[in-house]
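Hydrogens, waters and symmetry mates play no part in the numbers below; they use all other heavy atoms, side chains included. So that the names make sense, note that chain A is the first sequence line, chain B the second, and so on, each numbered from 1.
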Amino acid sequence: MDDSKAIFLKDATVNAADGDQRAFINKALGGYYTNRDLQKARYRDWERARDAASMAKWSAVNDLANVLEKFVSNFERNGGVVHWARDAEEARVIILKIAEDVKAKAIVKSKCMTTEEIHLNDALEKAGYGVVESDLGEFIQQLRGEAPYHFVFPCMHVKREAISELFTKHLGTAPTDSPEELTMIARRHLRQLYIDADIGITGANFLVAETGQISITENEGNARLTAALPRIHIALSGIEKVVNHLDDLSVLLPMLATAGAGQPMTCYNTLYSGPRKKGECDGPEEFHLVLMDNARTRILADPEQRDSLHCIRCGACLNVCPIFKNIGGLAYGTTYQGPIGSVITPHLRGLKQWNHLSAASSLCGACTDACPVRIDLHHHLLRNRRNASKESPTLFDLAFHHGFTFVIKRPWLFALGGRIFRATLPLLQKLPLPYMGAWMKTRDLPKAPAQSFRDQWKNQNV
Amino acid sequence: MSDARSDIFARIREALKVKAPKPHLKGDGAPGKTSTVAKPWLPDGGETAEDSLTILAEQLAKLKAVLIRVPDHASAAKAVAELSVSKNWKKVAYHGHDLLRPVAAALTCENWEADASFDKQRLEGCDAGITTCESIVAQLGSILVSSTSSGGRALSILPHVHVVIAETSQVVPDLGAALALVKARHGTDMPSMLSFITGPSRTGDIERILVLGAHGPKELFLILVG
Ligand code: SF4
């Protein structure tokens, strides 16, 4: 068994049995369900809004070369600098080079999953730069030395007592059990850091081809500060974030907020077209945008799953996923958790090592229903399973496939097999079955019917 | 070594040689090129100006932003002066704009034009920032500020309180209309930052419990003239 799978199975089993933690997560998500439904009800037709959102992304992704080219030429006209990275390593090198060129002393970051994807903090720290995460959830996770639990709600699994302890330990503040007080501690601590930092690093939610602007969505105002006060602004984005028109945002921004967090609109949705312009009093002197592929073109090359590039990272599919809610975000061991993570991680990191995530699903389809851009998530999980067994079938796959084909082609053998199976079913209950151990531990086999289906059919139709 | 840019474009072109099917839609297609295309399936922003103002008031209340309606600019200045006293503001920075100078003149506390002499440390130490805005979106309760209409990037985000002074004629029904207005007004010469502000800064990162004033302003006042 591959390492990633073994670790996943172990963590998932432990977490699924942790009733307290599961209840905590369910309670935390309770408010989200209520608010999401209230906000969705304000849409005069949510399904048609989903159509528009999915078409906005579809038309950009399926014409990616042209739309990206248009974006870049408009972006450069506004005075920003574009850098291209084929993979994570190239992106890290580019960002490190900028930090070196400007002799950075302090770096402040706002939440950006793409930087998690390339493990940017590790690279910057190794090179001797101090980096501080400014999003409250990311700040807490950084102090904990832990990856985000959920790519929109990074520390939703951490109880307030633990956060209070963490702050006491690292910031020397007095213990408190008030979320408000805890938030204010972080607020006070970070304010001077924005002012002192020479580089601000952000992500991008959308790249608008028509105007050459990047759009950043956030609630706290930390990205606004990160892109306002430091002398240099660096944004890292995947190439798939591009949309054609500014007006596409009139659909995508509200839907992102409603689907993902149950809000009418996220608190700050900001468009940046470049560095400080002549006549403006503040803002960065330089604006660097790193556009990264890192396996996105591999997903693009798979027309069946190309739509997974439509993802706007709202997090709705995680919030409704029974697997996510039972095993928790950390068990995935991926940058992107939940259904979308299970779909794309095999493309990013290898199908053989990460296919087990696609197997860990009840295929209930809650994710597909929740997705504001209509990504066919649960069918993609099936497609990953199919592709994996095609690409590197296990012995069990082979034996089962050939055995089944052999039997099904011989009706008499099939009938005989059925008869034997029905007769021995009560016995099987008592035997330790190979491959079935985990399943059988908590389940009983059903009673065998007296007659096979084929016999019942025949008798009824006489 | 061929450069990364051409490599990435080559990969994209290669990948797109195989077409993907269109998504299964239930209604009509994507939003159009022009923002005047109505989107009768999004949240309502109001048919008439009066409807829009009603929706705006509801949205702002839900967002815990404070709407103060006044008949004229003199009353706006008075309202801000009263706020500064009741909230005990000691230092206030404002955007250098003809409509805001009289507002600042009516203040009794220390105040200065933030964009005239930008100083981030001084701005950090102030209680409130006063700005104008580009437009206001009734549908969502969003206020659109920009680096040109709002005294740069920091004034509307760094002080603990943000006060926006606007006229009722700046209220537009929905986000599409606000974006269309941005294009009409700025064309290819956009302000380097445009930000839709929807309520005071907030976070739910601790146990998903809502806390206002995460990093940006804890309080947001919209003073609407007319
Ligand atoms: S796959 Fe859909 S639901 Fe999941 S995060 Fe992406 S956009 Fe949201």
Peer 1: Given a strict heavy-atom distance threshold of 4.5 Å, which part of B:Ser156 is in contact with chain A: side chain, backbone, both, or neither?
Peer 2: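 Its backbone and side chain both get close to chain A.
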Peer 1: If contact means a heavy atom pair closer than 4.5 Å, which residues of residues 206-213 of chain B contact chain A?
Peer 2: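 B:Ile206, B:Glu207, B:Arg208, B:Ile209, B:Val211, B:Leu212, B:Gly213, listed by number.
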Peer 1: Could you pull out all residues at least two apart from B:Glu110 that satisfy side-chain hydrogen bond (donor to acceptor under 3.5 Å, both in side chains)?
Peer 2: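 Only B:Arg122 meet the side-chain hydrogen bond (donor to acceptor under 3.5 Å, both in side chains) criterion with B:Glu110.
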Peer 1: Is it the backbone or the side chain of B:Arg13 that comes under 4.5 Å from a heavy atom of chain A, or both, or neither?
Peer 2: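 Interface part for B:Arg13: side chain.
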Peer 1: Which atoms of B:Glu14 are under 4.5 Å from chain A, going by heavy atoms: the side chain, the backbone, both sets, or neither?
Peer 2: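 Contact with chain A: none, neither part.
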Peer 1: Inspect the contact between B:Lys183 and A:Asp247 and indicate whether a charged nitrogen and a carboxylate oxygen are less than 4.0 angstrom apart.
Peer 2: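 Answer for the salt bridge query: no.
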Peer 1: Does any heavy atom of chain A fall under 4.5 Å from the side chain of B:His95, the backbone, both, or neither of them?
Peer 2: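 For B:His95, no heavy atom lies under 4.5 Å from chain A.
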Peer 1: Are B:His160 and A:Arg187 close enough that a side-chain donor and a side-chain acceptor fall under 3.5 Å?
Peer 2: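 There is such a pair between these side chains.
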Peer 1: Non-hydrogen atoms of chain A under 4.5 Å away: do they reach the side chain of B:Pro217, the backbone, both or neither?
Peer 2: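 Looking at B:Pro217, backbone and side chain both touch chain A.
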Peer 1: Relative to chain B, which segment of A:Val72 carries a heavy atom at a distance below 4.5 Å: side chain, backbone, both, or neither?
Peer 2: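 The side chain, not the backbone.
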Peer 1: Select one option (side chain, backbone, both, neither) describing which atoms of A:Leu246 are under 4.5 Å from chain B's heavy atoms.
Peer 2: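 A:Leu246 touches chain B through backbone and side-chain heavy atoms alike.
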Peer 1: Measuring from atom CD of A:Gln39 to atom NZ of B:Lys62, what distance do you get when rounded to the nearest 0.5 angstrom?
Peer 2: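 So the gap between those two atoms works out to 6.5 Å.
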Peer 1: Any chance you could lay out the side chain to side chain donor-acceptor pair (under 3.5 Å) test for B:Thr203 and A:Glu220, step after step, and finish with the verdict?
Peer 2: CA-CA 6 Å; B:Thr203 184; A:Glu220 299 183 359; 2.8 Å; yes
Peer 1: Are there residues of residues 135-148 of chain B that reach to under 4.5 Å of chain A by heavy atoms, and which ones?
Peer 2: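 Checking residues 135-148 of chain B against chain A gives B:Gln139, B:Leu140, B:Ser142, B:Val145, B:Ser147, B:Thr148.
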Peer 1: Judged by atom type as modelled, is there a donor-acceptor pair below 3.5 Å linking the side chain of A:Thr270 to the main-chain atoms of B:Phe196?
Peer 2: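 A pair under 3.5 Å: no.
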Peer 1: Quick one: side-chain hydrogen bond (donor to acceptor under 3.5 Å, both in side chains) partners of B:Asp51, sequence neighbours excluded?
Peer 2: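 Partners of B:Asp51 under the side-chain hydrogen bond (donor to acceptor under 3.5 Å, both in side chains) test: B:Thr48.
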